[in-house]
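Notes to accompany the following structure.
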Amino acid sequence: MSEGVSVRQNPLMRWSEFFIPTLREDPADAEVVSHRLLLRAGLVRQLSAGIYSYLPLAQRVILKIEQILREEMNRIGGQEFYLPALNPREIWEETGRWTGMGDNMFRLKDRKGADLCLGMTHEEVFTAIARHELRSYKELPQVWYQIQVKFRDEARPKSGVLRVRQFIMKDAYSFDIDQAGLDRSFQNQRDAYRRIFDRCGLKYTIVAASSGAMGGSASSEFMVKTDAGEDMIATCTACDYAANLEKATSRLREIKDGIGLVEPVEFPTPQVRTIEDLTHFPGGAAADQQIKTLVYVVEANLGSMFVLALLRGDHQLHETKLADALHGAEIRPAHAEEIFNLLGANAGSLGGVGAKQKARERGQEIRILADNALRGRRNMTTGANRDDYHLRGVNISRDIPVDQWVDLRVVSSGEGCPQCNGMLEVSKALEIGHIFKLGTKYSESMGARVLNQEGKEVPVVMGSYGIGVERILASAIELHHDDDGIIWPKTIAPFDCVVTVTNVKQPEMREAGERLYKSLQLAGLDVLLDDRDERAGVKFKDADLIGIPYRITVGKKIMDEVVELFDRRAKRSEDVRLSEIVSRVQALALAGL
RNA sequence: CGGGGCGUGGCUCAGCCUGGUAGAGCGCUCGGUUCGGGACCGAGAGGUCGGAGGUUCAAAUCCUCUCGCCCCGACCA
């Protein structure tokens, strides 16, 4: 268990004095399970949208989680720092993220009018330290971490503590001399992460993911499957393939196209606006025989440009995949007027055939990206860039000048696994950790260089590794609860056990409870003594609600030197002799998960 | 940012449509009876009805504006 956790020394563990404001009724604003139970069990209170106060019970859980984080980070050579949350604009300018982070960054000015921001993550600050202090390959590798509050001005805070504007993050960064070093550091972190989440009692999946605005590669997310999550992941039911939907691919049944026509033939399709329409239209085509044409605008520093994204008619575009294919550029769907000005037709009648020339006549350039599923397809139907007309007999390689073949489509449940003969399953998931290789993106932009063995100055190779502390807490609840309340994993429970005195007005019971409480504490356990002057039913309900793994009930049987041991998870209780209860609970509580 | 919903004692909500002295349950305080799965009886305390402006003899209720919170979407290391 978590030896040496300082909270064990806290003498104030009498429920009558401990602040645990439980709620009898469900709070109206809480939708997701963890949010509801965090409020009801008296762990958190909301201060504002996406801003929560953690009450003593939650703080105990957080301290235990942080202790596990520290132990596992230290075990792989991590050194703990504590960095400022308040950052000057300059370092964020250096990496281009002052603007890159957009509205998600909290910004403020000091009395002199200088720009500051609240840190969203700490690559900049750590790299600023590294560039001043690291001079030689002999000083590498370094693994630096901290457990600190992060600020993000989320467009829509929600789901209790799952998406918030201020939260605690364990973020670690590795500094190596070369790629091989980074690979080792990365693997160490990955192993540490597995131990951390295992110890916290979470069932998780590691998925390949997009690196997004952070830049980098080998992006791996640690995901907990739960409907409270906001990500979608695809996992194979047969092998270990797992990927975020923004990255997932799948095996499709092969389609045999006919020979087709010598060249595309235009035909009238009045009122046809959608793929669906065309499947019903006489002389139309099945959805998987159509090419879907989407127009996107790529917003770049030097003006914008247009991109056509081509997909099979029955496939959906994943915008992140498109953005990734364009090197993480900012993209948005083109407006209706933009489309008409570009191709002379409206959405619903667009196609890749002749699109480049048409745009060029209008002084515009188009880049065409086609989804891999369209590769080699013939005899397809698509819009003619003329309202109410389509083309049939389109042979893609012959008729459409594709600039880039990429994976753009959203995979769905039931499709084939790209790694084996198994089948993919798409589920909702919550991201609790994210590790990736940054490479030299930050060390180059911020000038963090050291001399290598040949005396040559090279940029430090970095990795970035983050864990959301509240998300561990919340996903533990999402994963472990029942109708009565939370069922904490033993390793992060706020208390190992609760001693419930059914009637404190009976001196024998009260005194026995006190003695038991002290012996359990002496045995090294976190014990909560429910010495409140309440009816037994109220105490049982509360104990269930706050989810303490073991409850020791001191009732009438105390006259026979017998107490009850109740297992919160199994919902079973048994009589135990008073003389044996301490060693019994000690064995159970310290047994690990 | 777009769409929807909600702001009334600490909590959950009714009252608003159709303007006329602000309510219930839970919680809280005191007294009593109870005492192993959210007890019962009695007596109490507690509310600028989110805020501002307007209409009216009169506004929780109608109108305008505004703030906040929740949900869906967009967005999201």
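Values below: every heavy atom of this structure, side chains too, minus hydrogens, waters and symmetry copies. Naming: A, B, ... by sequence-line order, numbering from 1 per chain.
- Taking atom C1' in both B/rC69 and B/rC63, one finds a spacing of 24 Å when rounded to whole Å.
- Summarising the geometry, the separation between NE2 on A/His335 and C1' on B/rG2 is reported as 13 Å, rounded to the nearest angstrom.
- Listed by chain and number, the residues in a salt bridge (Lys or Arg N to Asp or Glu O under 4.0 Å) with A/Glu25 amount to none (sequence neighbours excluded).
- Toward the 5′ end of RNA chain B lies the nearest nucleotide of A/Val32, the other residue of the pair A/Gly466 and A/Val32 mapping further downstream.
- The nearest whole Å value for the distance from the CG atom in A/Leu162 to the P atom in B/rC70 is 13 Å.
- One can place CG of A/Asp530 at 13 Å from C1' of B/rG38, the figure rounded to the nearest angstrom.
- Evaluation of atom-type donor-acceptor distances gives no pair under 3.5 Å for the side chain of A/Arg24 against the base of B/rG10.
- In this structure, A/Arg107 satisfies the cation-pi test against A/Trp98, with its NZ or CZ atom closer than 6.0 Å to the six-membered ring centre and inside 45 degrees of the ring normal.
- Look at the C1' atom in both B/rG19 and B/rU56: the space between them is 9 Å, to the nearest Å.
- With both ends at atom P, the span from B/rG46 to B/rG23 equals 14 Å, rounded to whole Å.
- Looking at residues two or more places apart in sequence or on another chain, you find no side chain to side chain donor-acceptor pair (under 3.5 Å) involving A/Gln166.
- Side-chain polar atoms of A/Gln187 and A/Asp191 form a donor-acceptor pair below 3.5 angstrom.
- Relative to the side chain of A/Pro27, the nucleotides B/rC76, B/rU12, B/rG27 differ in distance, and B/rU12 lies closest.
- Mapping A/His35 and A/Met120 onto RNA chain B by nearest heavy atom places A/His35 at the nucleotide closer to the 5' end.
- Searching all strands for a Watson-Crick or G-U wobble partner of B/rG44 with both distances below 3.5 Å returns B/rC28.
- Nearest heavy atoms, A/Leu473 versus A/Ala58: CD1-O, 4.2 Å.
- For the pair A/Leu39 CG and B/rC70 C1', the computed distance is 12 Å after rounding to whole Å.
- Annotation: B/rU34 and B/rG15 have their C1' atoms spaced 36 Å apart (nearest Å).
- Using a 4.0 Å heavy-atom cutoff across all strands shown, A/Arg40 reaches at least one base atom of the nucleic acid.
- Salt-bridge annotation for A/Glu246 and A/Lys321: absent, with no side-chain N of the basic residue lying under 4.0 Å from a carboxylate O of the acidic one.
- When the C1' atom of B/rG10 is taken as reference, atom CG of A/Leu55 falls 14 Å away, rounded to whole Å.
- Pairing for B/rG2 goes to B/rC72, judged as Watson-Crick or G-U wobble with the two contacts each under 3.5 Å.
- Residues forming a salt bridge (Lys or Arg N to Asp or Glu O under 4.0 Å) with A/Lys150 (at least two apart in sequence, or on another chain): A/Asp171.
- Distance check on atom P: B/rC11 versus B/rG51 gives 15 Å, rounded to whole Å.
- As judged by a 4.0 angstrom heavy-atom cut-off over every strand, A/Glu124 is placed among residues making no nucleic acid contact.
- Separating the P atom of B/rG53 from that of B/rA58 is a span of 15 Å, rounded to the nearest Å.
- Under the ring pair (Phe, Tyr, Trp, His ring centres under 6.0 Å) criterion, A/Tyr465 pairs with no residue at all, not counting sequence neighbours.
- Sorted pairs that involve residues 148-172 of chain A and meet ring-ring contact (aromatic ring centres under 6.0 Å, His included), not counting sequence neighbours, are lacking altogether.
- A/Arg36 has its CZ atom 14 Å from the P atom of B/rC71, to the nearest Å.
- Put simply, NZ on A/Lys158 is 10 Å from C1' on B/rC75, counting in whole angstrom units.
- Using a 4.0 Å heavy-atom criterion, one finds that A/Glu25 contacts the bases of the nucleic acid, with or without backbone contacts as well.
- B/rA52 sits 14 Å from B/rA59 when the P atoms are compared, rounded to a whole Å.
- Between the C1' atoms of B/rA14 and B/rA24, the separation comes to 7 Å (whole Å).
- If you check every strand for non-hydrogen atoms under 4.0 Å, A/Ala28 touches sugar and phosphate atoms only.
- By the salt bridge (Lys or Arg N to Asp or Glu O under 4.0 Å) test, A/Glu561 pairs with no residue at all, sequence neighbours left out.
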**Complete:** Reading nucleotides 29-37 of chain B from 5' to 3' and marking B where a protein heavy atom lies under 4.0 Å of the base, S where only the sugar-phosphate is that close, and - otherwise, the string is -----BBBB
Give me, pair by pair, the N or O atoms of the protein and of nucleotides 67-69 of chain B that are less than 3.5 Å apart, along with how far apart they are.
{"residue": "B/rC69", "atom": "OP1", "partner": "A/Ser48", "partner atom": "OG", "Å": "2.9"}
{"residue": "B/rC69", "atom": "OP1", "partner": "A/Ala49", "partner atom": "N", "Å": "2.9"}
{"residue": "B/rC69", "atom": "O2'", "partner": "A/Asp29", "partner atom": "OD2", "Å": "3.1"}

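- The CZ atom of A/Arg332 sits 17 Å away from the P atom of B/rG2 (whole-angstrom rounding).
- When the salt bridge (Lys or Arg N to Asp or Glu O under 4.0 Å) test is applied to A/Lys541, no partner is found at least two apart in sequence or on another chain.
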